[in-house]
Amino acid sequence: MQLEPKDLFEKLEFDKVIELLEKECLGSLGRQAIAALKIQTNVEKISSLLVEVAEFKLAITENDHFPISSYNEVSEDLKMLEIEDYVLPIEGMQRLNIILILMRGILRYFNKDRRPRYPALYNIVRNLDFEKSLILAIEKVIDENGDILPNASGALLLIRKKINSKNKELDRQFRLLINLYKKKGWLSDTVESFRNGRRVLTVPAEHKRKIRGIIHDESATGKTAFIEPEPIIDINNDIFDLEQEEKREIYRILKELSATIRPYIP
């Protein structure tokens, strides 16, 4: 039986308090929790919450700030990770790692000096499970910018060295061809471009039959052709093959990392 008026929240301006709190939240889970708050009538519960508030205020006034920052919701990542052999993408790994790093920071915050100073706050996290090896596992694979580390595996390091070597070879060969064809007046002012993921020469239409190679595209006016010269086709093919090999190795690494994290989903 409801005794309080239906517009009690509005009359007490509780809705405005909720709105202000939601703006201070650092993630969607926090906002959901605040939105679900009800007016408390249990004196014991109110007292307990006020102690937490007092401890948090004390930390702020003493410039002993609680180590928390913005984070993303990871429930969907964890749900997908429950599927056997599912490979969590790099973005998902990053989201999980941010949560793990925040948790590590919070647990480190409550050292032997702070636990007696903030007992109510420490009580919130004291029984949480935390596996720091997961951070190490993720950070062996992904850097802070969300890129796969070159040495995430020995095989990946070798593949990337080969790609780098082939790109240098391509660059050398390309410069030689540009110098040669420039002297003959066979190139446009822009000299080179990229088409279909391949490095190509920009050639005026009247000279396109003079350069042996693959025509990947032509300009809308038909005045310029984009040609992959014959001497670099094999190099480009090698780079393409190595890049596909790189993708397969990255997939394998992420699959292995997903398998490492899977037992810790709960």
Side-chain angles (χ1 to χ4, degrees), residues 1-82 88 91-139 144 146 261-266:
M1 183 177 180
Q2 184 174 320
L3 297 177
E4 72 271 9
K6 288 184 179 179
D7 62 349
L8 178 63
F9 276 22
E10 289 75 17
K11 285 189 178 299
L12 294 175
E13 296 194 337
F14 188 72
D15 57 326
K16 292 182 179 178
V17 174
I18 293 295
E19 190 178 327
L20 288 169
L21 285 172
E22 283 182 335
K23 289 178 181 177
E24 298 301 321
C25 289
L26 297 170
S28 59
L29 288 177
R31 287 188 287 274
Q32 289 169 27
I34 292 298
L37 278 179
K38 304 297 181 187
I39 292 177
Q40 276 287 346
T41 56
N42 183 309
V43 175
E44 188 177 328
K45 178 64 174 176
I46 292 169
S47 298
S48 173
L49 291 172
L50 285 174
V51 170
E52 291 176 9
V53 172
E55 289 183 7
F56 207 91
K57 182 182 176 184
L58 175 65
I60 293 170
T61 55
E62 294 193 356
N63 202 29
D64 190 20
H65 294 281
F66 196 68
I68 192 166
S69 56
S70 59
Y71 60 92
N72 290 305
E73 230 266 82
V74 295
S75 60
E76 190 60 32
D77 295 317
L78 296 177
K79 182 180 176 183
M80 296 304 297
L81 202 53
E82 286 178 350
L88 194 64
E91 297 79 10
M93 294 294 182
Q94 278 186 292
R95 286 189 288 270
L96 288 181
N97 202 37
I98 287 169
I99 297 286
L100 290 166
I101 289 170
L102 283 175
M103 196 65 234
R104 180 179 64 186
I106 289 167
L107 292 175
R108 285 177 176 175
Y109 179 79
F110 290 109
N111 56 28
K112 60 183 179 63
D113 296 323
R114 290 195 181 99
R115 288 174 194 174
R117 195 185 309 163
Y118 313 122
L121 292 180
Y122 176 58
N123 198 49
I124 297 171
V125 300
R126 67 186 304 162
N127 293 321
L128 290 177
D129 290 327
F130 176 70
E131 183 52 62
K132 63 182 179 182
S133 66
L134 293 181
I135 294 177
L136 298 175
I138 293 171
E139 292 184 347
E144 58 187 16
I261 294 171
R262 189 167 289 114
Y264 299 96
I265 291 170

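Predicted model, so just to flag it, every value in this text is computed and none were measured.
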**Asked** Between Phe110 and Tyr118, how do the two ring planes meet: parallel, tilted or perpendicular, split at 30° and 60°?
**Response**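 It falls in the perpendicular class, over 60°.
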Name the atoms and distances for all side-chain donor-acceptor pairs under 3.5 Å in residues 42-54, with sequence neighbours left out.
| residue | atom | partner | partner atom | Å |
| --- | --- | --- | --- | --- |
| Asn42 | OD1 | Glu44 | N | 2.9 |
| Asn42 | OD1 | Lys45 | N | 2.9 |
| Ser47 | OG | Val43 | O | 2.9 |

Do [X] and [Y] have side chains that get closer than 4.5 Å, going by heavy atoms?
X	Y	answer
Phe66	Ile106	yes
Ile261	Ile138	yes
Glu55	Pro119	yes
Ile99	Leu96	no

Nearest-0.5 Å distance, [atom1] of residue [X] to [atom2] of residue [Y]:
X	Y	atom1	atom2	value
Met103	Ile68	CE	CD1	9.0 Å
Asn97	Glu139	CG	CD	5.0 Å
Glu144	Ile98	CD	CD1	11.5 Å

For [X] against [Y], the heavy-atom pair lying closest together:
X	Y	result
Leu107	Phe130	CD1-CB, 3.5 Å
Thr61	Leu58	OG1-O, 2.9 Å
Gly105	Pro67	O-CG, 3.5 Å
Ile34	Cys25	CG1-SG, 3.6 Å

**Message:** Show me the pairs that pass salt bridge (charged side-chain N to carboxylate O under 4.0 Å, His left out) and involve residues 120-136, at least two apart or across chains.
**Reply:** none
**Fill in**
Contacts satisfying salt bridge (charged side-chain N to carboxylate O under 4.0 Å, His left out) that involve residues 15-41 (not counting sequence neighbours) are Glu13-Lys16
**Prompt:** Are Arg114 and Tyr109 in a cation-pi setup, meaning NZ or CZ lies under 6.0 angstrom from the ring centre and within 45 degrees of the ring axis?
**Reply:**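 Yes, Arg114 lies over the aromatic ring of Tyr109.
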**Item:** Test side-chain contact (heavy atoms from CB on, under 4.5 Å) applied to Arg262 - qualifying residues, sequence neighbours left out
**Value:** Leu81, Glu84, Tyr86, Ser258, Ala259, Ile265
**Asked** Which residues pass the side-chain contact (heavy atoms from CB on, under 4.5 Å) test with Asn127, sequence neighbours left out?
**Response** none
**Residue pairs, two or more places apart or on separate chains, that pass side chain to side chain donor-acceptor pair (under 3.5 Å) and touch residues 65-78** =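 As it turns out, the side chain to side chain donor-acceptor pair (under 3.5 Å) pairs with a partner in residues 65-78, which skip direct neighbours, are Asn63-His65, Glu73-Ser75, Asp77-Arg95.
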**Request:** Could you please spell out the steps behind the side-chain contact (heavy atoms from CB on, under 4.5 Å) verdict for Glu82 and Leu78?
**Result:** CA-CA 6 Å; Glu82 286 178 350; Leu78 296 177; 5.9 Å; no
**Test side-chain contact (heavy atoms from CB on, under 4.5 Å) applied to Leu29 and Gln32, step by step** = CA-CA 5 Å; Leu29 288 177; Gln32 289 169 27; 4.0 Å; yes
